[in-house]
Peer 1: 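I'd like to ask some things about the structure below.
Reminder, nothing fancy here: chain letters follow the sequence lines and each chain counts from 1.
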Amino acid sequence: MITAQTVSDNLRKLKDQAPLVHNITNYVVMNSTANALLSIGASPVMAHAPREMEDMAGIASALVLNIGTLSEEWVEGMLIAGKKASERGIPIILDPVGAGATSFRTETCHQIIKHCQPTIIRGNASEVMALISSEVQTKGVDSTQSSDDALEMAKTLSLETGAVVSISGPKDYITDGNKVIRIKNHIPLMPKVTGMGCTASTLTGAMAAVCENQLEAAACAMGIMAVAGEIVTPKAQGPGSFQMHFLDALYNMNSEDISKHLKL
Amino acid sequence: MITAQTVSDNLRKLKDQAPLVHNITNYVVMNSTANALLSIGASPVMAHAPREMEDMAGIASALVLNIGTLSEEWVEGMLIAGKKASERGIPIILDPVGAGATSFRTETCHQIIKHCQPTIIRGNASEVMALISSEVQTKGVDSTQSSDDALEMAKTLSLETGAVVSISGPKDYITDGNKVIRIKNHIPLMPKVTGMGCTASTLTGAMAAVCENQLEAAACAMGIMAVAGEIVTPKAQGPGSFQMHFLDALYNMNSEDISKHLKL
Amino acid sequence: MITAQTVSDNLRKLKDQAPLVHNITNYVVMNSTANALLSIGASPVMAHAPREMEDMAGIASALVLNIGTLSEEWVEGMLIAGKKASERGIPIILDPVGAGATSFRTETCHQIIKHCQPTIIRGNASEVMALISSEVQTKGVDSTQSSDDALEMAKTLSLETGAVVSISGPKDYITDGNKVIRIKNHIPLMPKVTGMGCTASTLTGAMAAVCENQLEAAACAMGIMAVAGEIVTPKAQGPGSFQMHFLDALYNMNSEDISKHLKL
């Protein structure tokens, strides 16, 4: 359904439009995800205060809600921004970080899904499964499940919520409940760098801002993550250098890189 | 009004005195600005709780107020720290991040200006213009205006507030309402790394702590940013490596680097 | 009391068990400490909301309380998590960042010590001394005292609290009030990178999760910091590259590195 050409075309569009992506995200990844957005050609803003949520979501081209370091006031901000974004019809990406680890996280996700209707839910296997089944336990923010096992639940979640569901793992799966796109690049160092999943979510937001089709947007973002990961792997000597080279790879990525490395 | 020699002399003074710079700043840049302060030879502290603001501003040599990720409680902390700093007569730097994007941000800046009398206001062109004219809209935290266009408004802002105004952009302008210092180094990768403006503000705080003259302090800090940018440009392969080399360049900077690279 | 072999054996255990380390820590170091935990083989989670503290501390193998950017709500979260962790008998590491700089910080440490009974207190010399004597003033978060001077107070603090006390500095001292372990590696660039002390604390948490003996755990963590520092020193050209190489060194560290570099 998508090809390397689709990814390249949408990356070009992203660079041309430089969409403003509003992030209400966790403290751990604010710097790295803002840098990923700048590197890929988008314009990031991080803001969470309830008092400015209508204004900020009112000028953004996409909204990313990431529950990685949650508190009550931030949930309030997320709901205000999410409702505004939903009214305006801009894409909303939910990253259910740590859903299944605490009931506060799982419940907050259900609230966001109900009140804001995210267009894309992007998480790891445990997190996606925890949104469907209360029997799945996430180990903090790390997955205890394989993305293969999560695929059927992802389809169910997509059909129940109307959102595209994007699961990252050794294989990535992106589904709208019917169609499934697989990305087969496996980057072993990626889970050793904090916030790579959150980076995937924020790039999904940037892509969603410039693509009509949310399934395509979600898949293109995961494709770009995979290609950057392949470019970086031979250069990285560990998680520190991986993280540095990753931003450089996003910044310099061209269509040759994409056709050379993307494994669909 | 300043020369490469002035910048070198003040950098020497900074390293000798290692001033404690108290930052109430945004989550995105806390790590990178603390590292920039350490690299240049200052001692950073990040603290925001209203309950400890008098104590912390009471031992600092400069205070940096950066509104990048604002909330009501943080504004309260900023005002307490700002009043204490103002009483003590230590320099106060205001970075109006995203002023003009939301009314919460613009209004908070006006409150800080009124109650704390910052000695230096350092922002991008849109932010500075938004403090004078309600018709300027900032794109999240990225400028939509050129620093050339902002210069006249910067002079007005300086005369109205009594603060030196420092505008970053392809050209930097620093003014006290009458005199204008220009720094002409243009570093294309700089806006592709998140928080370089915030880094400029915090280094301005460190310089202001050791320089009597606030116009000179603000200009020296922008000069150091420019010189570090020139040193890094041939080494950087993208935003990731730029950020890493930038800290190394701040740490190793000497007077030869400054006289070689600074374009006044 | 410990040897290079002890450190290697415990590092192996850490990698095998991949313990979940729950951090309530400061904004400045959330990214770098999460990356340090991943690099060494542990699983980090950062979470602070009072509402989810029982759940999160309920599944973790160690809890790290770091007061670097404190606020009232966070103290509440720390106390709930600390009590739960104490009930469960998992290790609790307290990093008293900036104790002695403000009374809020010093008092919060005393509250945590009283209500949560940390198993290890890890700080710099000023911070440790400030917990015993109200006459010691910390310069923001940087030490004004030498670790040699702090040793006697560290012993007293250990005997009073029942916690192992671990002081970092040009020499590191780890004591249970009677025995003292010294680590003599001196890494000059380490204090020029923000959050290296916080990294030491979180690695102490990971080690404490897999070692019965808390004195041994604290010493092994400081040993690993020292060895990584030695590996990085010849490669680093300043604080930026130090930080990057440090994560790579943690990730790649083997028992040869440890026996080659560790100075006990």
Side-chain angles (χ1 to χ4, degrees), chain B residues 18-61 69 71 73-74 76-77 81 228 231-232 235-236 240-253, chain C residues 25-35 46 67-76 97-108 124 126 137-144 188-199 235-248:
Chain B
L20 179 64
V21 181
H22 176 190
N23 296 268
I24 311 183
T25 190
N26 70 72
Y27 304 118
V28 184
V29 305
M30 284 202 189
N31 188 275
S32 55
T33 57
N35 272 325
L37 285 170
L38 285 171
S39 293
I40 204 71
S43 183
V45 71
M46 272 61 188
H48 65 284
R51 228 181 102 178
E52 65 174 354
M53 284 306 89
E54 293 234 343
D55 281 1
M56 203 59 98
I59 57 171
S61 298
T69 52
S71 66
E73 194 196 348
W74 285 59
E76 194 192 332
I231 293 170
V232 170
K235 299 179 187 175
S241 44
F242 188 97
Q243 193 174 27
M244 180 193 75
H245 289 303
F246 193 83
L247 292 176
D248 289 356
L250 288 179
Y251 181 74
N252 294 307
M253 192 179 296
Chain C
T25 191
N26 70 74
Y27 303 120
V28 184
V29 305
M30 284 202 188
N31 188 275
S32 55
T33 56
N35 271 326
M46 272 63 187
I67 66 159
T69 53
L70 217 46
S71 66
E72 312 258 2
E73 195 195 349
W74 285 60
V75 176
E76 194 192 333
V97 182
T102 71
S103 59
F104 183 31
R105 290 175 186 238
T106 314
E107 285 161 20
T108 298
N124 67 34
S126 298
Q137 168 92 56
T138 302
K139 184 185 176 189
V141 297
D142 290 331
S143 193
T144 57
L189 264 176
M190 219 175 245
K192 291 295 178 185
V193 177
T194 197
M196 292 307 287
C198 306
T199 298
K235 300 179 187 175
Q237 300 183 306
S241 45
F242 188 96
Q243 193 174 27
M244 180 192 77
H245 288 303
F246 193 83
L247 292 176
D248 289 356

Peer 1: Between C:T138 (side chain only) and C:G98 (backbone N and O only), is there a donor and an acceptor less than 3.5 Å apart?
Peer 2: no

Peer 1: Within the 4.5 Å heavy-atom criterion, are C:F104 and C:I67 side-chain neighbours or not?
Peer 2: no

Peer 1: In terms of heavy-atom pairs under 4.5 Å with chain B, which of C:N26, C:T102, C:L70 leads?
Peer 2: C:T102

Peer 1: Please name the pair of heavy atoms, one in C:R105 and one in B:A47, separated by the smallest distance, quoted to 0.1 Å.
Peer 2: NH2-CB, 3.4 Å

Peer 1: Is C:S71 close to B:H48 at the side-chain level, that is, under 4.5 Å between some pair of heavy atoms?
Peer 2: yes

Peer 1: What I'd like to find out is whether the side chain of B:M30 reaches to under 4.5 Å of the side chain of C:T194, using heavy atoms alone.
Peer 2: no

Peer 1: Is C:E107 close to chain B through its backbone or its side chain, or both, or neither, when contacts mean heavy atoms under 4.5 Å?
Peer 2: side chain

Peer 1: Is it the side chain or the backbone of B:I59 that comes within 4.5 Å of chain C heavy atoms, both, or neither?
Peer 2: side chain

Peer 1: Taking side chain as C-beta onward, heavy atoms only, is C:P239 less than 4.5 Å from B:L38?
Peer 2: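 Of all side-chain heavy-atom pairs linking B:L38 with C:P239, none is under 4.5 Å.
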
Peer 1: Under a 4.5 Å heavy-atom cut-off, does chain B meet the side chain of C:T108, its backbone, both or neither?
Peer 2: neither

Peer 1: Non-hydrogen atoms of chain C under 4.5 Å away: do they reach the side chain of B:A57, the backbone, both or neither?
Peer 2: neither

Peer 1: Output the option from C:V141, C:V29, C:V193 having the highest count of non-hydrogen pairs under 4.5 Å with chain B.
Peer 2: C:V193

Peer 1: Taking the six-membered ring for Trp, are C:Y27 and B:W74 parallel (under 30°), tilted (30 to 60°) or perpendicular (over 60°)?
Peer 2: tilted

Peer 1: For chain C, which residues from residues 240-247 of chain B have at least one heavy atom closer than 4.5 Å to it?
Peer 2: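 Expected list: B:M244, B:L247.
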
Peer 1: Please tell me if the side chains of C:P191 and C:D142 come closer than 4.5 Å, counting only heavy atoms from C-beta onward.
Peer 2: no

Peer 1: Can any side-chain N or O of B:S39 pair as donor or acceptor with the backbone N or O of B:L250 at less than 3.5 Å?
Peer 2: no

Peer 1: Heavy-atom distances under 4.5 Å only: say whether B:E54 touches chain C with side chain, backbone, both or neither.
Peer 2: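 Neither the backbone nor the side chain of B:E54 comes within 4.5 Å of chain C.
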
Peer 1: Would you mind checking which part of B:P44 comes under 4.5 Å of any heavy atom in chain C, side chain (CB onward), backbone (N, CA, C, O), both or neither?
Peer 2: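 Contact with chain C is through both the backbone and side chain of B:P44.
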
Peer 1: Can you give me the closest heavy-atom contact between B:M56 and C:G140, atom names plus distance?
Peer 2: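 Reported closest heavy-atom pair: SD-CA, 4.5 Å.
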
Peer 1: Which atoms of C:S103 are under 4.5 Å from chain B, going by heavy atoms: the side chain, the backbone, both sets, or neither?
Peer 2: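 It is both, since atoms from each part get that close.
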
Peer 1: Would you mind telling me which of B:V21, B:N35, B:L37, B:N252 has the largest number of heavy-atom pairs within less than 4.5 Å of chain C?
Peer 2: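 Greatest number of close heavy-atom pairs with chain C: B:N35.
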
Peer 1: Looking only at non-hydrogen atoms, find the nearest pair between C:L189 and C:A236 and report the distance.
Peer 2: CD1-CB, 3.9 Å

